[in-house]
Structure formats: structure tokens, C-alpha cells
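Below, all heavy atoms of this structure are taken into account, side chains as well, without hydrogens, waters or symmetry copies.
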Amino acid sequence: MEISHRSSIIDCYKKYNPIVLGGKNGVKLKLAIIIVLLFTCIVPAAGAAPANIVNVDGVKVGLRQAPFLRDGVTLVQFAPIFKSLGLSVKWDPSKQQITGTKKGINLVLTVGNKNAYVNGSRMLLESPPVSLNGNIFVPLRFISEATGATLAVNGNTINITSYKGTEPFVPKPTPIPPIKTKAVKIQEELESKYSNLSSGKLHLNDLTYGVIDDSDSLTIAVEISDEQTMQNIIDTFDSKPSTGHLLTKNIANHVHKKYGYKNINIFIITFFMNSSYPSGYDAQYNIFVPEYNVYVTRWPLYGGSYNYSKKIANWYLDPTGDTEYLIYSSSL
């Protein structure tokens, strides 16, 4: 037995606990991992510089800093330009948010976040706003999208013409289609293709899955929320330790062949919900879900590691516990 196999399972579980919280009748609770990005702004390196003069309706705008390019996107100072377009501008340092308002228009942007909100609707920016020397910069194109102004670049000058319509301009952000990640695609594929698993007299039906893609490895949770089904699994594993491999080897082989993952970790996880804190379980297995005001206990009883580089599969009892319980090994 190679300890590295088991260690990789523990690391995956601890890193990605929880993966996806599933439930009966296809109801799912999902916990989002919130990543706070701290942007350290650096003055752009010399190169092809954008236009550095901005006029609004023929009047030069006083800028503290000239526009600059970042990843091919021209960024301009928010406050002076939007004030010139008739918007009131406010800065909230605690939230790192800048807002612009006038009749019919309400803009909210956050430093480091590509999601801008225009009259409450989300708009995806080309590049996130940045803070540079106390000034907030936003993509030039956003000016037109948010206010109806027209843009023209002539040499080193950006000419902005404010909206001249008879009715107040009402921004209409283009709906952002949901991005389906590879993990979500695999999850949906597993729930369609492997919703039912069987080994001998053990039959698992209407399964839900959790999937985490870690680029070079994939972690899959087979989620069990029925106590009787979980007891059947325990009884079957006790009498036949190869059960986990027999249940999931086709899943691992399918994902390996179709998506090329060489390391696939599969957990069989029981979970249940309580309105109060469940005793008798380690704290790492209990998760409070504020959206539903419940505690969710997710307990990984069994875990398998499929290493296609070394052509071996190992299955463990209590894969995240302090003691090693290798119960089955098989070549791949």
C-alpha cells in the first residue's frame, strides 16, 4: 500500500468539503466557496499606450491619471468622466464599491469584480475595475453601455458624446448566460448515465453526485441521504470489501477515458439535515447552511483512489479518519 494514495484522498476531501450537498427528489443545497481577490495594481509597462485625453461633449475632462491598457482593454477613470456625464458619484471604501446615479440610471461597481450592476441587473465587464493611486478605473466601453453615450477615438483623444435622446436612457444589460464548468458537465453526465448503481444484491437508485475538478485530478462524491440505503451499503461492504470498486469502476473508467484524468477519487458519502447541531460527529463533518437554517452532516464512510498512472485502485473505510483502513486493492 502506498500512503500517498490515501493522503491524496484526505487532502481532496479536506480541501473540497463540502463538494455538493444533494437530497431526495433531486433537491440540492450548494455551498459556495467565496474567494476574496486582493488586487495589487501596478502601473502598466511601457508599450502601445491608449489615447490619453478625454473629452465629454467637446469639453476636456480633468483626469488625475491618463487611461491605460490592461490585457488589451482600455481603462479610464470612473469619477471625473461619469460626473461630466451628469452622474452623482460615491465611493464606499469599506465595500470597495463605486456608484453612479442619475435619473433612470443606477450603477454599482466593485474593485476586482467583473460583475457590474446596472439598475439592479448584472452586466459582465471586459475587465474588473481597479484602484490605482486612489483612483478607480473601469473599462472604457462600459461608459457607452451604461449611459448610452457614444465613443470615438481620434489619435490620442477619446471623444465621448452624451446621450441626446428625448426619453431618459435606460440601460439594458445583455443577460449573462450561465457558464457550465467541466465539473458541472461531468456531474450532470454522471447523474444521467449512472443514476443507478448495482453490485450483487445492493442497488442504489436515483443517485446525486458532487464533482470537483482540480485540473490534474477529479473528486466525485456519490451522495446517499437514505439511512436504510446507507445501512445496506455498510452491510454489503462488510461482507464484500470489493463493493466500492465494483460499484464505481465504470464511473472512474468513463471519466478517465473521456476526460483524461489520471487520478480520480470517489467518496461514498452519507448526509442528513438537522435543525439543531448534531452531536456525535466531528466538527469537520457538520456544516451550517444559513440559507436553509439547517445543519448538514456529511460523513464519508468509504473512499476510493483510482491512479491510472500506476494502474492501481485502492478503497478505504473511513478515508478521512486518523487511522488507515485499506479494505481492497485492484489493478487497473
Side-chain angles (χ1 to χ4, degrees), residues 1-20 22 186 190 194 197-204 207-257 259-272 280-286 297-332:
M1 176 182 66
E2 297 188 2
I3 303 300
S4 61
H5 289 176
R6 181 178 180 278
S7 297
S8 67
I9 293 178
I10 296 174
D11 291 342
C12 278
Y13 181 79
K14 288 183 177 179
K15 182 176 181 181
Y16 297 119
N17 178 31
I19 300 172
V20 176
I186 294 174
L190 295 181
Y194 299 100
L197 299 177
S198 295
S199 176
K201 294 181 179 181
L202 179 64
H203 303 286
L204 308 179
L207 292 171
T208 58
Y209 290 84
V211 176
I212 285 293
D213 174 20
D214 195 23
S215 70
D216 61 343
S217 65
L218 193 76
T219 300
I220 299 171
V222 183
E223 302 173 332
I224 309 297
S225 59
D226 179 76
E227 292 184 15
Q228 184 58 56
T229 300
M230 198 66 218
Q231 187 58 55
N232 293 341
I233 291 174
I234 294 172
D235 293 341
T236 306
F237 268 78
D238 285 346
S239 61
K240 192 174 184 178
S242 61
T243 296
H245 181 62
L246 296 175
L247 282 171
T248 64
K249 64 179 180 180
N250 288 339
I251 293 176
N253 288 336
H254 170 76
V255 172
H256 167 65
K257 290 178 181 178
Y259 296 98
Y261 292 97
K262 296 186 181 299
N263 293 289
I264 300 171
N265 299 302
I266 300 181
F267 294 99
I268 295 179
I269 295 178
T270 181
F271 75 94
F272 48 88
Y281 296 91
D282 290 346
Q284 65 172 322
Y285 300 135
N286 296 325
T297 299
R298 309 183 79 245
W299 188 13
L301 280 183
Y302 303 97
S305 171
Y306 290 82
N307 188 321
Y308 286 88
S309 296
K310 297 184 177 181
K311 301 185 184 304
I312 188 170
N314 289 328
W315 270 85
Y316 300 89
L317 168 66
D318 191 17
T320 61
D322 296 328
T323 307
E324 298 175 7
Y325 295 105
L326 178 66
I327 59 175
Y328 182 76
S329 288
S330 175
S331 59
L332 294 174

Are I266 and L247 close enough, and set up right, to give a side chain to side chain contact (heavy atoms under 4.5 Å, CB included), and what steps lead you there? CA-CA 11 Å; I266 300 181; L247 282 171; over 6 Å; no
Side-chain heavy-atom pair K240, L246 within 4.5 angstrom cut-off: yes
Side chain to side chain donor-acceptor pair (under 3.5 Å) involving Y328 - partner list, sequence neighbours excluded: none
Can you list the steps and then say if T248 with F267 is a side chain to side chain contact (heavy atoms under 4.5 Å, CB included)? CA-CA 10 Å; T248 64; F267 294 99; over 6 Å; no
CD1 (I220) and CG (D213) are apart, to the nearest 0.5 Å, by 10.5 Å
Test side chain to side chain contact (heavy atoms under 4.5 Å, CB included) on H256 and L218 and set out the steps. CA-CA 9 Å; H256 167 65; L218 193 76; over 6 Å; no
Rounded to the nearest 0.5 Å, the CG atom of L301 sits from the CG atom of L317 at a distance of 7.0 Å
Assess the side chains of N253 and Y308: does a donor N or O sit below 3.5 Å from an acceptor N or O? yes
To the nearest 0.5 Å, atom CG of L204 lies from atom CD of E223 at 13.0 Å
Parallel, tilted or perpendicular, judged at 30° and 60°: which one describes the rings of W315 and Y306? perpendicular
What's the spacing between L332 CG and K262 NZ if we round to 0.5 Å? 12.0 Å
With heavy-atom distances below 4.5 Å as the criterion, would you say the side chains of I224 and L207 are in contact? yes
Can you check whether K201 reaches N232 side chain to side chain, under 4.5 Å on heavy atoms? no
Where the side chain of Y325 meets the backbone of Y302, is there a donor-acceptor pair that is under 3.5 Å apart? no
Considering all heavy atoms of both residues, which atom of P241 and which atom of I327 are nearest to each other, and what is their separation? CB-O, 3.3 Å
Within-4.5 Å side-chain heavy-atom neighbours: I233 and T243: no
Rounded to the nearest 0.5 Å, how far does OG1 of T236 lie from NE2 of H203? 9.5 Å
Hey, does the side chain of Y259 reach the backbone of I186 with a donor-acceptor pair shorter than 3.5 angstrom? no
Separation between CG of N263 and OG1 of T219, rounded to the nearest 0.5 Å: 9.5 Å
